Structure formats: C-alpha cells, structure tokens
Number of protein chains: 2
Amino acid sequence: MTYTIGKVAEMMGLTTHTLRFYDKEGLLPNVSKAKSGVRQFTDADINWLMMLECLKSTGLQLKDIKHYINLLKKGNSSLVERAEMFKEQKIKCQQEIKALKQTMKKLDFKIRYYEEALKHGEENVFKNKELVRERDKLFKLNKVRISK
Amino acid sequence: MTYTIGKVAEMMGLTTHTLRFYDKEGLLPNVSKAKSGVRQFTDADINWLMMLECLKSTGLQLKDIKHYINLLKKGNSSLVERAEMFKEQKIKCQQEIKALKQTMKKLDFKIRYYEEALKHGEENVFKNKELVRERDKLFKLNKVRISK
DNA sequence: GAATAACCTAAAGTTCGCTTTAAGTCAAAT
DNA sequence: ATTTGACTTAAAGCGAACTTTAGGTTATTC
C-alpha cells in the first residue's frame, strides 16, 4: 500500500512543499514514482521520515542528515563514525543548555530590575545593592577592558 | 576620550563590519562622527554595546532590540512594556531549555544504540529489550498514524 | 612624500530551511 | 465535458544576522 504526498504531509505534520524539498535534497532516498511522476510513499518511507524528524529534533542540520544517509548506505563500516556524530551532537546540545541557563539568569535579573523600577522608579533601582552586585556579576563582559 | 571602530571591535570581540552593520540598523543610537565621517565611540557607546550584547544573549532578535531602544527613548512610560518583554523572553528561554533536554534524551538513546551496535552488531541491537522500550518511548511520533 | 593601514559607503552575497510562485499535467467528481 | 483539486518541476523569494566585495577617502608611519 502506498500514500500520496498529500496524505504523508498530513500524517507527518509537514507540507507537501517541504516533502518535495526534502526529496530534491536527497533526504528521501527510497521514494519511488509512478510513470506519471507521482510519488508513492511506502510504510518504509514513512518510517524513514519519522527517523528524519527524530534526527532533526536532535539538532542535526539537513546536510548532516544527508551525510548520515550516506553513512547508512555504507553499512557496518560506518558504525563508528555514526556513533561519533551523536556524541558530538550531545556535546553541542549540552553547551546550548548551559548557555541558555546563563541566559535565564540574565533574564531573571532584568525581570527583577523592572520589578524594582516599577516599585521605586527607574532612577532608584540601583539603590538596591543586591541588584548592583547581581548586575556586576552577570554583565561585566570579561573580554572588554575600557582603557583609562 | 574616544575609540575608533577598530579598537571597539577588538574590545568587544566583534568585527568592524558588524559594528557598521549595527550602526546602519539603528542599533547604535548615540555614536557620533568626525567631519571626516569616522565614527567616534565614547565610553557610553561601549557601555551600550555591552548592553546590546547582553540583550542578544538573552535571545532577543535585533529587531526586538531596536524596539527596546525605542522604548528606552520613551522613558518612564514604557517601563511596563519593557518588563513584559523580558518576561516573555524568559518563557521562550524556558521552553527552549525543555526542548533541548528532550533532545538530550534522544541523543543518549542514539549513543546507547551505537554502543550496543558496536558490541553486538547492528542487527542485534533490539534484542536488548530496554533499548526497544526506550526507542518506543522517545521516537513514537504521536502525530503519525500509519493507516492499516 | 609615498606607502600602507584603517577608515568610509553602498550593495550584493551567504547560509539555513523552508515557502511561494509560475506554469503545467492528470485524475476524479459533477 | 468541464471543473475542481491534487499532483508535477523549476526557480525565485524570505528572514536573520551577518560577511564580502568594490571602490574610494583619510590617517599614520617610514
């Protein structure tokens, strides 16, 4: 049993445009076409699309996924490289989380700043010494050295 | 005392191109120019640049920062809106962190998958029932319903 | 005073992941 | 039989945040 591109788009929550774009980019290696040119998606194609979505959700770029497809085609001999891909990706992901946590601290500071400003007026915010300390801790850019 | 664009670029870890780009986009409201056209950055400009970097690091887009500049110009009457900006941004940041943590789980699964594949061969990975459960938990796309 | 380095503007190019447009074919429903 | 709707390709467009290129002026240094 096969599915038209429209059905698949509906199932996957993508547009037909996106699916054709993926196909054009070589991200749908096994989708066959009728003589009329109409794409015929099989269950295996749907499964691959789910894997594609999964790979996307791990933060891989489309070109990385293309590379991954090539590794898959090589079979067993690419196992190590595939494993490495995900380990690298994990490191990137960890770094991003760390950066976002730092961002959260800055946002919390800003939110407290504006609470204070709304209560006591913006000109009085830094009479609150805790906020001053917080500001100095969070926003002093270590790379910047203002000369003299 | 003023700084040339090159010095500022060096201090801030940006390129001169980026600084001119920011200026063109209206993100450096107070930078003055000599009659020759050369930009003269003051300490106040450096401080604003640090704030700019801070705002960027909170995940704000340049157009949001431009909007923020306009709010600053309005002074006191924009306090509430400015406060709202950061609260919204905090929510976005929280959501991003949540998504990345989910991503981490998927990556950990993939890494375990490849550990197992390297140990026992790719064809035997899902003889490990824990990995099967993990896969089903993480990768079953709820939106997909394969008919029949 | 001439070479070189740093500055200037304006505009086009880049990357990513699509989305949109244009122009057309094909199959089903009325 | 014709209209509607889903499919096709190919190519251009989009938004974000720069980067690069081109062509030119100014400032510093030998």
Side-chain angles (χ1 to χ4, degrees), chain A residues 1-28 31-42 45-46 48-49 51-69 89 92-93 96 99 103 147, chain B residues 1-28 31-42 45-46 49 51-69 85 89 92-93 96 99 103 147:
Chain A
M1 204 237 164
T2 61
Y3 311 87
T4 64
I5 200 169
K7 291 279 174 211
V8 175
E10 195 190 340
M11 282 193 275
M12 300 298 300
L14 301 167
T15 70
T16 58
H17 303 294
T18 303
L19 285 170
R20 285 194 204 98
F21 167 73
Y22 285 169
D23 196 8
K24 195 181 61 177
E25 296 294 301
L27 297 170
L28 309 179
V31 176
S32 63
K33 287 182 181 180
K35 317 124 223 169
S36 65
V38 174
R39 268 166 272 250
Q40 298 171 312
F41 289 77
T42 64
D45 295 324
I46 307 287
W48 167 248
L49 266 169
M51 177 59 83
L52 217 189
E53 289 295 288
C54 158
L55 294 170
K56 275 205 295 172
S57 79
T58 66
L60 287 178
Q61 296 190 345
L62 297 190
K63 66 178 171 200
D64 299 325
I65 295 177
K66 220 168 156 180
H67 181 58
Y68 183 72
I69 290 172
Q89 205 56 29
K92 280 190 204 160
C93 189
E96 266 187 77
T103 293
S147 72
Chain B
M1 204 239 168
T2 61
Y3 311 87
T4 63
I5 199 169
K7 291 277 175 212
V8 175
E10 195 191 341
M11 281 193 276
M12 299 299 300
L14 301 167
T15 71
T16 58
H17 303 293
T18 303
L19 286 170
R20 286 193 203 99
F21 167 73
Y22 285 169
D23 196 8
K24 195 181 61 176
E25 296 293 301
L27 297 169
L28 309 179
V31 176
S32 63
K33 289 182 182 179
K35 318 122 219 166
S36 66
V38 174
R39 269 166 274 249
Q40 297 171 313
F41 289 77
T42 64
D45 295 323
I46 307 286
L49 265 170
M51 176 59 82
L52 218 189
E53 289 295 287
C54 157
L55 294 171
K56 275 205 295 174
S57 80
T58 66
L60 286 177
Q61 297 190 346
L62 297 189
K63 67 177 172 201
D64 300 325
I65 295 176
K66 221 167 155 182
H67 181 58
Y68 183 73
I69 290 172
M85 259 184 87
Q89 205 57 28
K92 279 189 204 161
C93 190
E96 265 188 77
T103 293
S147 73

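In this text the structure is predicted, and so the values were computed from the model without any measurement. In what follows, chains carry the letters A, B, and so on, assigned in the order in which the sequence lines appear, proteins first and then strands, with residues in each chain numbered from 1.
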* Quick one: side chain to side chain contact (heavy atoms under 4.5 Å, CB included) partners of E96(B), sequence neighbours excluded? ->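 Side chain to side chain contact (heavy atoms under 4.5 Å, CB included) check on E96(B) returns L100(A).
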Take atom [atom1] of [X] and atom [atom2] of [N], then tell me their distance rounded to the nearest Å.
X	N	atom1	atom2	answer
E25(B)	dA10(C)	CD	P	13 Å
L19(B)	dC8(C)	CG	P	10 Å
Y3(B)	dC7(C)	OH	P	15 Å
E10(B)	dC7(C)	CD	P	10 Å

What pair of heavy atoms forms the shortest contact from [X] to [Y], and how long is it?
X	Y	result
A9(B)	T15(B)	CB-C, 3.8 Å
V31(B)	Q40(B)	CG1-O, 4.1 Å
Y3(B)	T42(B)	CE1-C, 4.1 Å

* What distance do T58(A) atom OG1 and K56(A) atom NZ have between them, rounded to the nearest 0.5 Å? ->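 Here the rounded value is 11.0 Å.
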* **Donor-acceptor contact below 3.5 Å, side chain K66(A) vs main chain E25(A)** =>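 Yes; judged by distance alone, with no hydrogens or angles, the pair exists.
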* Asked: Would you say the side-chain atoms of D23(B) pair up with the backbone N or O of R20(B), donor to acceptor, closer than 3.5 Å?
  ->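 Answer holds: no.
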* Among I69(A), L52(A), V8(A), which one satisfies side chain to side chain contact (heavy atoms under 4.5 Å, CB included) with L28(A)? ->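 Result: among I69(A), L52(A), V8(A), L52(A) is the only option passing the side chain to side chain contact (heavy atoms under 4.5 Å, CB included) with L28(A).
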What pairs of nitrogen or oxygen atoms, one from the protein and one from nucleotides 17-19 of chain D, lie under 3.5 Å apart?
| from | atom 1 | to | atom 2 | distance (Å) |
| --- | --- | --- | --- | --- |
| dA17(D) | OP2 | L62(B) | N | 3.2 |
| dC18(D) | OP2 | Y22(B) | OH | 2.8 |
| dT19(D) | OP2 | T18(B) | OG1 | 2.7 |

Close N or O pairs between protein and nucleotides 5-9 of chain D (under 3.5 Å):
| from | atom 1 | to | atom 2 | distance (Å) |
| --- | --- | --- | --- | --- |
| dC7(D) | OP1 | T4(A) | OG1 | 2.9 |
| dC7(D) | OP1 | G6(A) | N | 2.9 |
| dT8(D) | OP1 | R39(A) | N | 2.8 |
| dT8(D) | OP1 | R39(A) | NE | 3.2 |
| dT8(D) | OP2 | R20(A) | NE | 2.7 |
| dT8(D) | OP2 | R20(A) | NH2 | 2.9 |
| dT9(D) | OP1 | K33(A) | NZ | 2.5 |
| dT9(D) | OP2 | R39(A) | NH2 | 2.3 |

